[in-house]
Student: 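Submitted below is the structure of interest, expressed as structure tokens.
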Amino acid sequence: MGSLAAPFDKGSAVSAPVLRTERLEKRFGGIVATDSVSLSIAPGARHALIGPNGAGKTTLVNLLTGVLPVSAGAVYLDEVDITRLPVHRRVARGMVRTFQISQLFRSLSPRETLALIVGQQRGLGRRWWGSLAREASVIERADQLLEQFRLASVRDVRTDQLAYGKRRLLEIAIALACEPRVLLLDEPVAGVPAGEREEILQTLAALPAQVSILLIEHDMELVFGFSRFITVLVNGSVLAEGEPAAIAADPRVKAVYLGSGAGHTP
Amino acid sequence: MLLATDRWRERLIVGFLFAVAFGLPWLMPSRALFVAETASVALFALSLDLVLGYAGIVSLGHAAFFGVGAYAAGLFAKLVMPDPLTGLAVGIAVAALMGLACSLTILRGSDLTRIMVTLALSLLLYELANRFDAITGGADGLQGMAMGPLLGRFEFDLQGQVPATYALAVLFLALLLVQWVVRSPLGATLLAVRDNPLRAAAVGIPVASRLAFAYAFGAALAGAAGALVAQTSGFVSLEVFSIERSADVLLMLVIGGAGWVYGGVLGAVAFKVLNELVAGITPQYWTFWMGLFLLAIGLLGRERVLRPWALWQRPSTKAVR
Ligand SMILES: Nc1ncnc2c1ncn2[C@@H]1O[C@H](COP(=O)(O)OP(=O)(O)O)[C@@H](O)[C@H]1O
Ligand SMILES: [Mg+2]
């Protein structure tokens, strides 16, 4: 946390990346899902990762977070090698993700879910007595998140009974309950009605400037509105990288997107 | 459930039921041994509820822990000293250690290994206990264990009043402990792991150590149940490791409903009482009636099996302000 004290300069790439991969590789049998990917995420980044379906975006997030073991290469968080660190230890270091397909605790309500995560976050996860209900500050933070993500009206409904849009909102609220420093968002607004998408992304964009965000998203409108840096992934490897204007003008990127039918004009 | 604060009604009901149970051996002395056995088996079902209902680990051979607790307590009484509480502690410790060792295989294995590990273990232990009959008594069972007085004062009577009270007291304390743990912040993380291990890890919960904890805790309680059966009946037979034992306790949990603290205990009581009633009328058809009862639960009362608390609670979850 202390390393955040120094103010960083938005314009240049002086500061060391908060998250970095080195020639990362993942093979599933014969398929190379991640092909020698070297990626850097700057402190406070609003970094988008785009690419057609099957490009390996989700696999990359799984490698970064430790859900899948890497085939080769390395992952550095704050320049510390975390390639073999278990999933929960990476979370403890401040790297948190959302899932493309919502992963919720089905028998718990949104309020219980958030309270338990906030409790875990505050070091209560191993306490075998007492009740979360008595932890006023935990409940307060959970309720605050419920408000922020418009979940207050369904706070006591089992999550497996929630409407799709609410499930997506909870998915993101869960990630924020973990107080991330590095946030990996795997298609967070996929399937969310158009009106609410914008709003969710605004909430995310409004996160403290120190939080570094990697966003995977298909809607180019949103990507170009949100990000200050874009990486294009195709067939598991990096096709192009740069600021939004440069990416929009890149003929190779245009070819990929025209080819896959997802047209865009920034 | 997790965030509810108001539990007076629940406390009242549980308190009342236990008061009745504690009174039974003294009001109906002929039923004292039945009460003792039912309380022990209820503790066994509680332990499975913790493992299956709260940690989501399927344990098909849960009798492995029960049997180890029974033999440990029995041998301890016979060979070392007759004090019941020390024997109980020994049974708990041995079973807990075995649970911890098993959890290592569980963490590494696939779902199928998870299911098989205790089953294999119970078969193995059955054969071992059979083979080493010089120590265990083999097929004749472990005999000649003299129990000392409880707390140095209360002799175990043949009618079973002191044993029944002892078993009930242990069950009651175990129930309080389990309730306490599952409703704590730690218990909340157990529920998270049960519901979705992938997400649990992704919010920073150490899934492996939670599973190991639940497994060892469940094994310890099963060991306590085995120790109680050994001590209150003064006898341990190979049957403590049998597949029937493991199957029966699973049935009890299905009857009472897994994943809530009282499911195992209520299921065990229902199972035992039904067994007693039916066996009194038509002993040879007990399994037939049991099967019919289970079918009825499966077909008519699925809701009751899956969400048993729905019967006692209004649909909306009570919440704190
Ligand atoms: N667990 C897996 N086993 C085998 N193949 C996989 C697995 N996960 C992903 N893949 C394959 O890896 C490639 C990249 O998938 P994915 O990362 O989900 O793409 P994206 O998120 O960019 O749509 C696809 O060809 C997919 O079929
Ligand atoms: Mg994907």
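Heavy atoms only: backbone and side chains are in, while hydrogens, waters and symmetry mates are out. The sequence lines fix the lettering, A, B, ..., with proteins before strands; numbering per chain opens at 1.
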Student: Between B:Arg210 and chain A, with a heavy-atom cut-off of 4.5 Å, which part of the residue counts as in contact: side chain, backbone, both or neither?
Tutor: side chain
Student: Of all heavy-atom pairs between B:Ile205 and A:His88, which one has the smallest distance, and what is that distance?
Tutor: O-CB, 3.5 Å
Student: Counting heavy-atom pairs under 4.5 Å to chain A, which of B:Ala192, B:Ala200, B:Ala188 comes out on top?
Tutor: B:Ala192
Student: By the ring pair (Phe, Tyr, Trp, His ring centres under 6.0 Å) test, which pairs, at least two apart or in different chains, include something from residues 92-135 of chain A?
Tutor: none
Student: For A:Glu171, which atoms come within 4.5 Å of any heavy atom of chain B: side chain, backbone, both, or neither?
Tutor: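 For A:Glu171, the contact with chain B is made by backbone and side chain together.
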Student: Sort A:Thr65 into side chain, backbone, both or neither according to what part of it lies under 4.5 angstrom from a heavy atom of chain B.
Tutor: neither
Student: Give the minimum heavy-atom separation between B:Pro185 and A:Gly130, together with the two atoms involved.
Tutor: CD-O, 3.8 Å
Student: Can you tell me which portion of A:Ala92 sits under 4.5 Å from chain B's heavy atoms? Options are side chain, backbone, both or neither.
Tutor: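 Contact with chain B: none, neither part.
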Student: Would you say A:Arg126 has more than 12 foreign heavy atoms packed within less than 6.0 Å of its CZ?
Tutor: no
Student: Heavy-atom pairs under 4.5 Å with chain B are the metric here; pick the option from A:Val67, A:Thr98, A:Leu108, A:Val96 that has the most.
Tutor: A:Leu108
Student: Taking CZ in A:Arg20 as the centre, count heavy atoms belonging to other residues, nucleotides or ligands within less than 6.0 Å. Is the count above 12?
Tutor: yes
Student: Output yes when a side-chain donor or acceptor of A:Gln103 lies under 3.5 Å from a complementary backbone atom of B:Asn196, and no otherwise.
Tutor: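 No; judged by distance alone, with no hydrogens or angles, the pair does not exist.
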Student: Heavy-atom distances under 4.5 Å only: say whether A:Ile117 touches chain B with side chain, backbone, both or neither.
Tutor: side chain
Student: Is it true that atom CZ of A:Arg127 has more than 12 heavy atoms of other residues, nucleotides or ligands lying nearer than 6.0 Å?
Tutor: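 Yes.
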Student: Which pairs with one or both residues in residues 90-102 of chain B pass side chain to side chain donor-acceptor pair (under 3.5 Å), sequence neighbours excluded?
Tutor: none
Student: Tell me the closest heavy-atom pair linking B:Ala201 and A:Val91, and the distance in Å.
Tutor: O-CG2, 3.7 Å
Student: Could you check whether atom CG of B:Leu198 has more than 12 heavy atoms from other residues, nucleotides or ligands sitting under 6.0 Å from it?
Tutor: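 Yes, CG of B:Leu198 has more than 12 neighbouring heavy atoms, counting only those of other groups under 6.0 Å.
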Student: Any idea which of B:Leu191, B:Thr189, B:Val182 has the most non-hydrogen atom pairs under 4.5 angstrom with chain A?
Tutor: B:Thr189
